Amino acid sequence: MNNASENPKRKTLIDLTLSAMFLAIGLLLPFLTGQIKQIGNMLLPMHIPVLLCGLVCGWKYGLCVGLILPPLRYMLFGMPVIFPTGIAMAFELAAYGAVAGLFYYRSRRRCIASLYFSMAAAMLSGRLVWGIAEIFLLGFGENGFTWNMFFAGAFLNAFPGIILQLVLIPIIMIALNRTGLVRFSQDNSSDKNDED
């Protein structure tokens with residue numbers, strides 16, 4: 001990734017620090033939507049730092065930040081409601097962080113194309129995990145979680161947030177590339193060992 005990859009302890013410290021920062025951003029970002037559930041469901045503010053954490057720090061950190069963020073935010077601010085929303089979201093965000101990091105770090109070349117591929121894989125996987133979690137929590141069918149609820153929550157209502165992520169995250173990654181925090185278009189065989 002950068003010179004920190006030459007020193008595993010330094011890289012771990014940097015990744016832990018960045019993960020804590022992404023967690024803090026995830027706690028605070030929903031305040032930009034006024035904690036209004038309908039706006040939050042459209043813009044998905046907690047998804048952005050989790051995806052970035054997976055892409056910048058790796059799948060393990062992305063998974064942990066995604067899993068911790070919704071219950072921690074509930075304990076601190078009372079939102080999102082823990083059952084079923086917060087629990088399902090924890091699994092969903094964990095999948096986002098893990099899949100984004102795993103696909104991106106396993107890419108032959110880290111570039112914009114692999115970034116978009118990793119994000120698309122993470123978004124689809126996370127939504128699938130969210131749907132499965134909702135079924136386990138609510139049951140499936142008329143009195144539980146339905147196909148209509150899945151498509152509305154995963155795609156229709158979330159469409160503005162999906163577009164926001166597809167525009168904003170590559171811009172942030174390009175900016176981080178200029179700082180040297182991440183590197184595009186390189187041989188990442190040495191970094192892959194760090195992710196095992």
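Positions are given from 1, in the same order as the sequence printed here. Quick caveat, the model's predicted, so the values are computed rather than measured.
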Can you list, pair by pair, the side-chain donor-acceptor contacts under 3.5 Å of residues 117-128, counting residues two or more places apart and other chains?
unit_1: Ser118; atom_1: OG; unit_2: Tyr104; atom_2: N; d: 3.1
unit_1: Ser118; atom_1: OG; unit_2: Ser114; atom_2: O; d: 2.7
unit_1: Ser125; atom_1: OG; unit_2: Ala121; atom_2: O; d: 2.7
unit_1: Arg127; atom_1: NE; unit_2: Ala154; atom_2: O; d: 2.5
unit_1: Arg127; atom_1: NH1; unit_2: Tyr96; atom_2: OH; d: 2.6
unit_1: Arg127; atom_1: NH1; unit_2: Met123; atom_2: O; d: 3.3

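- Here the side chains of Met79 and Pro30 are not in contact, with every heavy-atom distance at 4.5 Å or above.
- How far CD1 of Ile14 is from CG of Leu181: 7.5 Å, rounded to the nearest 0.5 Å.
- Scanning all heavy atoms of the two residues, the minimum distance from Pro70 to Leu93 falls at CG-CD1, 3.7 Å.
- Atoms CE and CG, from Met42 and Asn157 in turn, are 8.5 Å apart once rounded to the nearest 0.5 Å.
- The line from CD1 of Ile25 to CG of Leu69 is 11.0 Å long, rounded to the nearest 0.5 Å.
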Item to check | side-chain contact (heavy atoms from CB on, under 4.5 Å) assessment of Trp59 paired with Phe103 | outcome: CA-CA 9 Å; Trp59 74 269; Phe103 275 73; over 6 Å; no
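- Across all their heavy atoms, Val65 and Cys53 have their closest contact at CG2-SG, 3.7 Å.
- Distance check, rounded to the nearest 0.5 Å: CE of Met173 to CG of Leu52 gives 7.0 Å.
- No more than 12 heavy atoms of other residues, nucleotides or ligands sit less than 6.0 Å from atom OH of Tyr74.
- Closest of all the heavy-atom pairs between Gln165 and Pro170 is O-CD, 3.5 Å.
- Across Glu134 and Ala88, no two heavy atoms sit closer than the pair OE2-CB, 3.7 Å.
- The shortest heavy-atom contact between Pro49 and Leu29 is CD-CD2, 4.0 Å.
- Residues Leu164 and Leu43 share a closest heavy-atom pair of CD2-O, 4.0 Å.
- Under a 3.5 Å cut-off, the side chain of Tyr105 and the backbone N or O of Val56 do form a donor-acceptor pair.
- Of the inter-residue distances, the one linking Phe91 atom CZ with Phe136 atom CZ reads 10.0 Å to the nearest 0.5 angstrom.
- For the ring-ring contact (aromatic ring centres under 6.0 Å, His included) condition, the pairs that include at least one residue of residues 17-39, sequence neighbours left out, are Phe31-Phe77.
- In this structure, CD1 on Ile172 lies 10.5 Å from CG on Leu55, to the nearest 0.5 angstrom.
- Using modelled atom types, no side-chain atom of Ser107 and backbone atom of Arg110 make a donor-acceptor pair closer than 3.5 Å.
- Linking ILVMFWY side-chain heavy atoms closer than 4.5 Å, directly or via other members, places Leu168 and Leu44 in two distinct hydrophobic clusters.
- Thr179 places a side-chain N or O within 3.5 Å of a backbone atom of Leu176 that can act as its donor or acceptor partner.
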